[in-house]
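Heads up: the structure comes next, in structure tokens.
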Amino acid sequence: MDQETAVQEQAEFAGYPQQPHGGKLINRVLTGKEQEEAMIRARKLPTIMVDLEAVITLEMIATGVLSPNEGFMNEADYKSVLKKGRLANGTVWPVPLSFAPIGNRNKEIVQTLSIGDEVALADETKDPVAILKIEDIFDYNKEERAFHLFGTTDRDHPGVDSIYRRMGDVSLGGPITLLRRVNWGPFEKLRLEPKDTWRIFYEEKKLRSVAGFITGANPLHRGHEYIHKNALETIEGLLVQPLVEMAKREYTRNEFRMLAYRSVLDAYYPKERVSLAPLRVTYIFAGPRETVLHALIMKNFGCTHALIGRDHAGVGDYYDKYASHTIFDEFDPKELGIDVRLYHEVFYCTRCANHATEKTCSHDERFRLKISGTGIREMLRHGIMPPKEIVRPESSRIAMQGVQPKGVDKTKNSISPVGKTIKSMFPFYLEANRLGGTPRLEKLTPEELTTRDLEAAIMDVRLNADRIYREVYEEYTYAGDVNRDIQREWITDARDAMRVQQQMVVEDLKEKVQQAPEVASDEFLYQDKEESQKELDVAEKILHEVPAAIHVSELEYRVWNPLPYERYRGSDEPEEEMESPSDPKPDLVADES
């Protein structure tokens with residue numbers, strides 16, 4: 001593959017509002033006669049067997065997803081990226097691309113190789129997938145990689161564990177050429193490579209801005225939707241890329257997750273402005289560093305903006321929940337070359353009656369429904385669809401089919417601590433008797449909660465989440481509507497009745513006070529005057545607290561300047577042509593015209 005066909009030069013993107021990272025979009029996919037000849041040659045080369053993760057990485061490199069990298073890093077680039085987050089030439093690149101094969105047979109092949117050699121890389125079919133041109137061979141230090149990339153050498157960290165399980169002791173560096181793409185199965189029809197998205201965004205749709213959004217192992221939820229639609233208010237297009245292939249079994253299976261995305265996008269998003277494409281990528285578990293990688297991947301797909309939520313690419317408790325935000329303070333926005341939009345944790349506030357973040361909502365957790373990816377998965381696993389305020393039913397109904405096993409394990413225990421799920425999604429339940437309710441006499445602890453508590457919390461949310469603001473609104477409208485035709489007369493009747501009834505109580509008690517003796521002859525049978533007066537005081541206070549009934553006849557005072565409509569509009573007509581003072585008064589509320 002010559003330089004002319006390997007790289008689409010920067011000039012090709014001169015008219016676009018974005019540029020590939022490093023100024024060039026890599027294309028190392030062989031086709032036609034060139035591919036046929038290379039495949040024949042590859043079958044005669046020494047062969048290293050690679051797993052699915054390596055195959056995915058080869059495709060990412062060859063199709064330009066990881067531009068400007070053309071292959072696996074040499075030692076200079078590898079160490080510079082590991083310690084500085086940059087290639088040796090200074091270009092920002094957050095995670096090393098290294099190839100250190102494991103397995104006895106592979107190790108034997110590596111020992112025979114020298115700089116300048118070519119080696120075929122084959123998958124489980126034993127057929128070559130790519131050719132690696134070796135430009136460097138260097139020792140691979142696993143502990144050093146773990147410490148610099150993840151900030152820890154703890155084997156409980158999945159990224160650290162992966163290094164020791166999947167990486168050998170010698171790394172091979174050099175450019176690759178891809179001989180064949182692996183079929184993506186159910187995702188093949190949705191596959192979009194960078195060469196496709198640049199064309200779609202800037203040639204077909206003529207967009208001037210596109211926001212990218214990469215998401216992990218959860219079905220599309222309302223937190224995602226909040227971020228997407230917030231961005232679409234000011235950005236012309238949106239590219240949604242759910243990660244597929246390498247999700248663990250505990251997550252929603254990839255096929256169902258993509259179908260859940262498609263269902264919601266079809267029903268609630270502007271179709272002409274939104275593109276959905278699976279991103280077949282390996283999980284690096286690098287926390288904030290992986291967040292920067294995702295931003296650059298979005299850039300290589302042509303996106304002008306990267307949408308980053310709270311704890312993007314987070315790994316357990318290894319990183320601060322906003323480390324994925326602060327990492328961008330380490331880079332000049334110009335050298336990243338993509339506008340990074342950072343979003344705080346999204347929740348649903350039942351008092352605001354909308355989705356919000358800490359930056360826009362002042363209400364406390366009594367009124368909040370949290371949006372937790374882990375909590376969503378656990379609810380689906382228990383066979384419970386989350387509230388519509390957390391996940392739209394179009395998403396959760398399909399996603400639930402891709403989560404196994406359901407409910408509890410063979411010992412009838414919860415698969416995941418129920419209390420942790422409740423705390424992560426329904427924090428009100430631990431402190432209040434109900435959503436928006438009064439505090440519990442004793443707070444609950446997550447450890448004491450059971451599936452019954454999960455059921456109680458979800459039922460409370462289903463019944464009351466959309467009632468809180470609606471009923472607050474109804475109270476305001478009852479007091480505020482001057483046009484009483486749109487108010488319910490039975491509310492007025494009920495308040496009138498309560499006031500009449502309580503007034504009867506007060507009048508009777510007044511008589512009782514007058515007749516009560518100063519000292520009761522039998523304190524167990526009769527009340528003295530002092531106690532009767534206290535009883536009357538309480539009854540009068542209750543009468544004062546009965547909500548006021550509002551009648552249309554009582555509201556004339558609110559229309560204190562009933563000008564004729566023409567005068568109200570500032571008409572220039574002669575005054576004698578307007579309504580005379582003897583004309584009937586206008587309605588209390590002007591008609592809608």
Side-chain angles (χ1 to χ4, degrees), residues 348-354 356 361-369 426-444 456-457 459-520 523-560 588-589:
Y348 183 82
C349 175
T350 57
R351 183 62 182 82
C352 291
N354 58 34
C361 173
S362 62
H363 299 112
D364 59 40
E365 290 193 339
R366 286 181 303 146
F367 297 100
R368 290 182 183 176
L369 306 180
F426 312 121
F428 71 87
Y429 188 82
L430 279 72
E431 300 189 359
N433 290 315
R434 61 189 57 84
L435 185 60
T438 57
R440 294 182 183 274
L441 295 177
E442 291 186 15
K443 294 182 181 179
L444 302 178
M459 288 302 295
D460 185 12
V461 171
R462 288 181 180 180
L463 290 172
N464 298 313
D466 57 358
R467 286 182 56 192
I468 293 175
Y469 186 69
R470 183 177 75 244
E471 294 184 2
V472 168
Y473 173 73
E474 289 173 355
E475 285 297 310
Y476 274 85
T477 59
Y478 185 83
D481 281 337
V482 177
N483 183 340
R484 303 312 290 180
D485 290 341
I486 60 176
Q487 279 300 323
R488 293 164 295 181
E489 190 65 19
W490 64 82
I491 300 295
T492 301
D493 292 344
R495 293 186 179 188
D496 276 336
M498 277 193 291
R499 182 165 293 276
V500 169
Q501 293 157 5
Q502 191 63 22
Q503 186 66 52
M504 287 194 304
V505 173
V506 169
E507 295 302 322
D508 274 17
L509 290 178
K510 285 181 179 179
E511 292 183 17
K512 180 178 177 179
V513 170
Q514 290 177 350
Q515 298 171 2
E518 294 295 334
V519 179
E523 63 177 319
F524 295 103
L525 294 177
Y526 307 108
Q527 292 175 297
D528 59 24
K529 189 177 289 292
E530 180 181 1
E531 186 174 350
S532 297
Q533 183 62 50
K534 288 181 180 179
E535 202 170 48
L536 173 60
D537 292 342
V538 170
E540 288 180 329
K541 186 173 178 60
I542 292 174
L543 175 62
H544 177 73
E545 292 170 346
V546 171
I550 301 176
H551 299 270
V552 66
S553 60
E554 300 168 348
L555 295 180
E556 290 189 8
Y557 75 92
R558 296 193 188 183
V559 187
W560 54 270
L588 291 177
V589 177

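Model, not experiment: these values are computed from the prediction.
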- [ ] Indicate whether the side chain of Q527 and that of K512 have a donor and an acceptor atom separated by less than 3.5 Å.
- [x]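 Yes, K512 and Q527 have a side-chain donor paired with an acceptor closer than 3.5 Å.
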Open item on the list: Between T350 (side chain only) and F367 (backbone N and O only), is there a donor and an acceptor less than 3.5 Å apart?
Closed with: yes
- [ ] Check whether any side-chain N or O of D460 sits under 3.5 Å from a backbone N or O of A456 as a donor-acceptor pair, and report yes or no.
- [x] no
TODO: May I ask you to decide whether E489 forms a salt bridge with R484, counting only side-chain N to carboxylate O separations under 4.0 Å?
DONE: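 No, E489 and R484 are not salt-bridged.
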Flag the pair [X] / [Y] as yes when at least one side-chain heavy-atom distance between them is below 4.5 Å, and no otherwise.
{"X": "L536", "Y": "V506", "value": "yes"}
{"X": "Q487", "Y": "I491", "value": "no"}
{"X": "E507", "Y": "Q503", "value": "yes"}
{"X": "E518", "Y": "D528", "value": "no"}
{"X": "R470", "Y": "E474", "value": "yes"}

Minimum-distance pair of heavy atoms, taken over all atoms of [X] and [Y]:
{"X": "H363", "Y": "C352", "answer": "ND1-SG, 3.3 Å"}
{"X": "P517", "Y": "A520", "answer": "CG-CA, 4.2 Å"}
{"X": "N483", "Y": "D485", "answer": "OD1-N, 3.0 Å"}
{"X": "E535", "Y": "L509", "answer": "OE1-CD2, 3.6 Å"}
{"X": "K529", "Y": "V513", "answer": "NZ-O, 2.6 Å"}
{"X": "E365", "Y": "P427", "answer": "OE1-CB, 3.4 Å"}

Distance-only donor-acceptor hits, side chain of residues 428-436, under 3.5 Å, sequence neighbours excluded:
| residue | atom | partner | partner atom | Å |
| --- | --- | --- | --- | --- |
| Y429 | OH | D453 | OD1 | 2.7 |
| N433 | ND2 | T438 | OG1 | 3.4 |

Quiz: residues 539-553 side-chain donor-acceptor pairs under 3.5 angstrom, not counting sequence neighbours:
| residue | atom | partner | partner atom | Å |
| --- | --- | --- | --- | --- |
| H551 | NE2 | D496 | OD1 | 3.3 |
| H551 | NE2 | D496 | OD2 | 2.9 |

Open item on the list: How long is the straight-line distance from CZ of R462 back to CG of N464, given to the nearest 0.5 Å?
Closed with: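 N464 CG to R462 CZ: 13.0 Å, rounded to 0.5 Å.
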Task: Interatomic distance, S362 atom OG to R351 atom CZ [nearest 0.5 angstrom] - done: 9.0 Å
Open item on the list: Taking atom OH as the centre, does Y469 end up with more than 12 heavy-atom neighbours from other residues, nucleotides or ligands that are less than 6.0 angstrom away?
Closed with: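 Not more than 12 within 6.0 Å, no.
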Open item on the list: Please check if the number of heavy atoms outside E530 that lie under 6.0 Å from its CD is greater than 12.
Closed with: no
Task: Residues in side-chain contact (heavy atoms from CB on, under 4.5 Å) contact with R366, at least two apart in sequence or another chain - done: D364
Task: Steps toward side chain to side chain contact (heavy atoms under 4.5 Å, CB included) verdict (Y478, R495) - done: CA-CA 12 Å; Y478 185 83; R495 293 186 179 188; 3.0 Å; yes
